Amino acid sequence: MHTFFLSQAIALATANVADGGGPFGALIVRDGKVIAASGNRVTARLDPTAHAEIMAIRAACQVLQDFQLTDCVLYSSCEPCPMCLGAIYWSRLREVYFACNRFDAAKAGFDDGFIYDEIPLAPEHRKIAMHGLNIADALSPFQAWYQLGDKTPY
């Protein structure tokens, strides 16, 4: 069954190239049925976050009307990048299956190695300058959230 769905993700990725997108495809399955699928739409949407996995997660959340996908499985044509990995954890997918790995992607010109290298660095040592500033009321949004009685935790 996993091979069946993964083959669909690979076919979607191949078709996505012909449609002007990147060579990535992802689908989300719940109870043995595909509930969402997408190719990479970064250039088509002019959106650097429109990776196949992100697009599939967004669509699945809309289908299920929930921001958590705890009983769903993601099938991706390639190992998810760091951004997609974050989205996978935030959406609480149950499992992920992928075909190619990050090294295969790097050989094709999609190298995320520099991001993996940046993650463990302190913000002030990263290649893109990141500056934390002390602002008097910086914690007020968190204080408001903490005091909110009727909230949806995530």
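Remember, it's a predicted structure, so these values are computed and weren't measured experimentally. Nothing fancy with the numbering, it's 1 onward along the sequence.
Residues I119 and F114 fall within the same hydrophobic cluster, defined by Ile, Leu, Val, Met, Phe, Trp and Tyr side chains chained together at heavy-atom separations under 4.5 Å. Taken together through direct or relayed side-chain contacts under 4.5 Å among Ile, Leu, Val, Met, Phe, Trp and Tyr, L85 and V42 form parts of separate hydrophobic clusters. Both V96 and I28 are part of a single hydrophobic cluster, where members link through side-chain heavy atoms under 4.5 Å apart. Put simply, I57 and V63 are part of the same group of oily side chains (I, L, V, M, F, W, Y) that touch within less than 4.5 Å, one to the next.
Put simply, CG on L93 and CG on L69 are 5.0 Å apart, with the number rounded to the nearest 0.5 Å. Once rounded to the nearest 0.5 Å, the distance linking OG of S76 with CD1 of I10 reads 9.5 Å. In this structure, CD1 on I115 lies 4.5 Å from CG on D112, to the nearest 0.5 angstrom. With rounding to the nearest 0.5 Å, the separation of OG in S77 from CD in E53 is 7.0 Å. To the nearest 0.5 Å, atoms NE2 (H2) and CD (E95) are separated by 5.5 Å. The distance from the OG atom of S7 to the CG atom of L12 is 12.5 Å, given to the nearest 0.5 Å.
P141 and D137 make their closest contact through CD-O, 4.0 Å (heavy atoms, listed as atom of the first residue, atom of the second, distance). Contact record, S38 with A52: O-CB, 3.5 Å, taken as the closest heavy-atom pair. In terms of heavy atoms, A60 sits closest to A36 at N-CB, 3.5 Å. Closest of all the heavy-atom pairs between F67 and P153 is CZ-O, 3.9 Å. Heavy-atom minimum distance, I54 versus A87: CD1-CB, 3.3 Å. Taking each heavy atom of W90 and Y154 in turn, the nearest pair found is CZ3-O, 4.2 Å.
In terms of modelled atom types and a separation under 3.5 Å, the side chain of Q62 and the main chain of A59 share no donor-acceptor contact. Side-chain atoms of K127 never come within 3.5 Å of backbone atoms of E118 as a donor-acceptor pair (strictly under, hydrogens ignored). In this structure, N40 contributes its side chain and G21 its backbone to no donor-acceptor pair below 3.5 Å.
Counting heavy atoms of neighbouring residues, nucleotides and ligands inside a 6.0 Å radius, atom NZ of K33 does not exceed 12 of them.
Evaluation of the salt bridge (Lys or Arg N to Asp or Glu O under 4.0 Å) test over residues 67-88, restricted to residues two or more places apart or in two chains, returns R30-D71, E79-R102. Identified under the ring-ring contact (aromatic ring centres under 6.0 Å, His included) test for residues 11-53, with sequence neighbours left out: F24-F110.
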Original post:
Could you walk me through whether D19 and R41 pass the salt bridge (Lys or Arg N to Asp or Glu O under 4.0 Å) check?
Top reply: CA-CA 10 Å; D19 192 31; R41 305 310 297 161; 3.7 Å; yes

**OP:** Take D104 and C78, measure what side chain to side chain contact (heavy atoms under 4.5 Å, CB included) needs, and give me the verdict at the end.
**Re:** CA-CA 8 Å; D104 298 320; C78 189; 5.6 Å; no

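With respect to the salt-bridge test (charged N to carboxylate O, under 4.0 angstrom), the residues D117 and R126 do not qualify.
Under the 3.5 Å distance criterion, with hydrogens and angles disregarded, a donor-acceptor pair is assigned to the side chains of R58 and T49.
Other cluster members for Y75: M1, F4, F5, L6, L27, V29, V34, V73, Y97, joined by side-chain heavy-atom distances under 4.5 Å among Ile, Leu, Val, Met, Phe, Trp and Tyr.
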